[in-house]
There are 2 protein chains.
Amino acid sequence: MTERAESTDNDPLPAGEADTRRTADSSERAYNTIRKLLVEFTLKPGERINEVQLSRGLGVSRTPIREALNRLASEGFVSLTPNRGFFVRSLSTEGLLDLYELRSIIECAAFKLMCERAEDGEIDRLRQYWEAIVDGYRDQAPDVILAEDEGFHLLIAELSGNPELVGQLASINARIRFIRRIQIEHPSHDKTQVTAHSAIVAAAVKRDAENGMKLLREHIEMTVSATQQALKDALLRVFAPGNGADLKRRRRARDT
Amino acid sequence: MTERAESTDNDPLPAGEADTRRTADSSERAYNTIRKLLVEFTLKPGERINEVQLSRGLGVSRTPIREALNRLASEGFVSLTPNRGFFVRSLSTEGLLDLYELRSIIECAAFKLMCERAEDGEIDRLRQYWEAIVDGYRDQAPDVILAEDEGFHLLIAELSGNPELVGQLASINARIRFIRRIQIEHPSHDKTQVTAHSAIVAAAVKRDAENGMKLLREHIEMTVSATQQALKDALLRVFAPGNGADLKRRRRARDT
DNA sequence: CGTCAAGAAAGTGTCTACACTATTGCGTTC
DNA sequence: GAACGCAATAGTGTAGACACTTTCTTGACG
């Protein structure tokens with residue numbers, strides 16, 4: 001558990017001290033930490049999660065650990081088997097496609113609704129958001145790129161006027177974030193994202209729902225194939241022998 | 001209060017690919033029971049949830065109660081405020097519209113994907129499902145109608161081939177189930193559902209995605225206005241039984 | 001009479017302990 | 001030597017207790 005706790009996701013974690021002053025966020029901290037362990041493959045897909053071990057590692061009791069795991073189970077990160085505990089859910093390539101398909105559905109619908117309902121000023125907020133970051137976009141750190149990209153798409157969802165869409169998209173983002181991050185760091189990552197976003201903004205300004213949806217769909221689908229390759233590389237890296245770690249040679253169903 | 005709570009809910013939350021949760025013990029029972037209290041308005045919208053009171057009522061400790069409440073929070077039934085506890089989330093008319101809009105988006109996308117991907121035999125399963133229940137459909141008890149209707153729509157989601165859509169739709173259904181039930185019992189409930197479903201099946205057999213989506217959208221939107229009225233009636237019934245004095249006073253009815 | 005403050009009560013967040021279940025290891029039997 | 005059963009161990013599920021926070025009550029002061 002000796003991992004630098006800097007540069008987490010866009011959630012500012014005050015992970016400086018385990019001060020007793022505010023013990024009410026122990027569960028929340030556990031949630032963030034465990035999710036990080038999951039997205040970084042420290043907890044490997046298919047692996048059984050040992051609550052006691054985790055609680056020792058985080059310095060809290062099992063109660064907040066279990067609360068966090070329950071949350072993560074509701075969000076699809078882990079699964080719970082009755083009397084055997086929590087398991088890291090393996091995100092297969094197939095499951096990834098399903099998730100991206102869902103994301104495409106949600107985002108296209110959001111874009112259409114935005115075109116129909118949003119005020120001019122709101123659309124302009126989208127334009128401003130993108131113009132403010134487009135210049136140095138590619139030069140940022142992967143985490144920053146990821147946050148800015150998610151922010152862009154989430155803003156579209158917000159401008160749809162339907163908070164449920166925002167919630168759904170946020171949930172989807174959380175589940176594919178670690179893969180997206182891997183993909184951003186992958187050689188296959190290129191600058192098509194930038195031009196795609198610009199084109200989407202242009203369609204939004206013209207309120208051209210049809211074209212915007214088409215662009216969005218292509219934009220999302222374009223990343224899928226690249227992401228598939230990135231996922232394979234990542235899994236290979238994690239499970240590869242010589243990683244100096246614990247690949248137990250039990251008869252384990254290959255679950256990816 | 002000590003009856004096995006497995007009356008209306010046929011499926012808690014099949015979140016996608018794996019059976020994510022099945023705590024066959026008191027935690028699961030607490031989840032089902034509390035959700036029932038929520039959908040029956042025994043726990044009223046906006047109300048603060050007292051964990052101790054609940055645990056006494058259910059005859060278990062606070063631990064499984066809290067696990068259940070955390071789950072319900074992840075699913076949007078209740079909300080959690082840091083040091084003040086869980087609150088019953090009020091589903092405003094506006095929020096209801098958002099939820100139905102999301103449902104329409106998911107279902108239309110599922111129908112389209114089904115038309116593109118499903119085998120002929122699968123489409124036929126949908127036809128068979130509907131033909132098997134269409135005759136006595138209107139004469140069933142409200143709970144049965146509700147289950148059969150949800151099954152119909154869920155089957156479409158399944159035939160889309162994307163388990164994520166099934167999970168999303170199931171989650172949405174769980175959140176609007178109590179209102180749908182109210183609406184079914186409401187005088188405004190008519191037989192347009194039956195003809196709509198039949199038309200949707202016909203479109204599916206012809207794999208007419210465009211027409212089917214249009215039918216679905218209309219089918220869902222048609223119930224919205226009726227449901228709004230039903231919701232108003234229900235809230236009126238819950239909050240104004242004569243004495244408008246005590247909305248928050250402790251007036252705890254055991255079971256009805 | 002109203003406002004505010006201090007103490008009491010209620011309630012949540014977390015910890016520790018214990019019961020019960022699943023898993024592992026070992027010895028017995030064929 | 002292998003399969004089976006039994007004991008030992010590890011691990012989850014739940015209960016109850018404690019600490020801290022919020023909310024309510026009561027009394028003093030303007």
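Proteins come first, then strands; the chains are lettered A, B, ... in the order of their sequence lines, and each starts at number 1.
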Please report, rounded to the nearest Å, how far the [atom2] atom of [N] is from the [atom1] atom of [X].
X	N	atom1	atom2	value
A:Phe86	D:dA10	CZ	C1'	17 Å
A:Arg48	D:dG11	CZ	C1'	6 Å
B:Tyr31	D:dG13	OH	C1'	19 Å
A:Glu67	D:dT14	CD	P	14 Å
B:Leu69	C:dT12	CG	P	9 Å
B:Arg29	D:dA15	CZ	P	9 Å
A:Glu51	C:dT21	CD	C1'	13 Å
B:Glu28	D:dT12	CD	P	19 Å

With [X], which residues qualify under side chain to side chain donor-acceptor pair (under 3.5 Å), at least two apart?
X	result
A:Arg56	none
A:Glu107	A:Arg103, A:His153
A:Glu158	none

Checking all strands, does A:Ile65 fall into the base, sugar-phosphate, or nothing category for heavy-atom contacts under 4.0 angstrom?
nothing

Compare all side-chain heavy atoms of B:Glu101 with those of A:Leu113 and state whether any distance is below 4.5 angstrom.
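The answer is yes, as the side chains (C-beta and beyond) meet within the 4.5 Å cut-off.
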
Is any side-chain N or O of A:Asn50 closer than 4.0 Å to OP1 or OP2 of D:dG11?
yes

Run the salt bridge (Lys or Arg N to Asp or Glu O under 4.0 Å) test against A:Glu148 and tell me which residues pass, sequence neighbours left out.
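Salt bridge (Lys or Arg N to Asp or Glu O under 4.0 Å) list for A:Glu148, sorted by chain: empty.
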
Partners of A:Tyr31 by ring-ring contact (aromatic ring centres under 6.0 Å, His included), sequence neighbours excluded?
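None.
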
List, with names and distances, any nitrogen or oxygen atoms from the protein found under 3.5 Å away from nitrogen or oxygen atoms belonging to nucleotides 15-18 of chain C.
residue: C:dC15; atom: OP2; partner: A:Ser61; partner atom: N; Å: 2.7
residue: C:dC15; atom: OP2; partner: A:Ser61; partner atom: OG; Å: 2.7
residue: C:dC15; atom: N4; partner: A:Thr63; partner atom: OG1; Å: 3.4

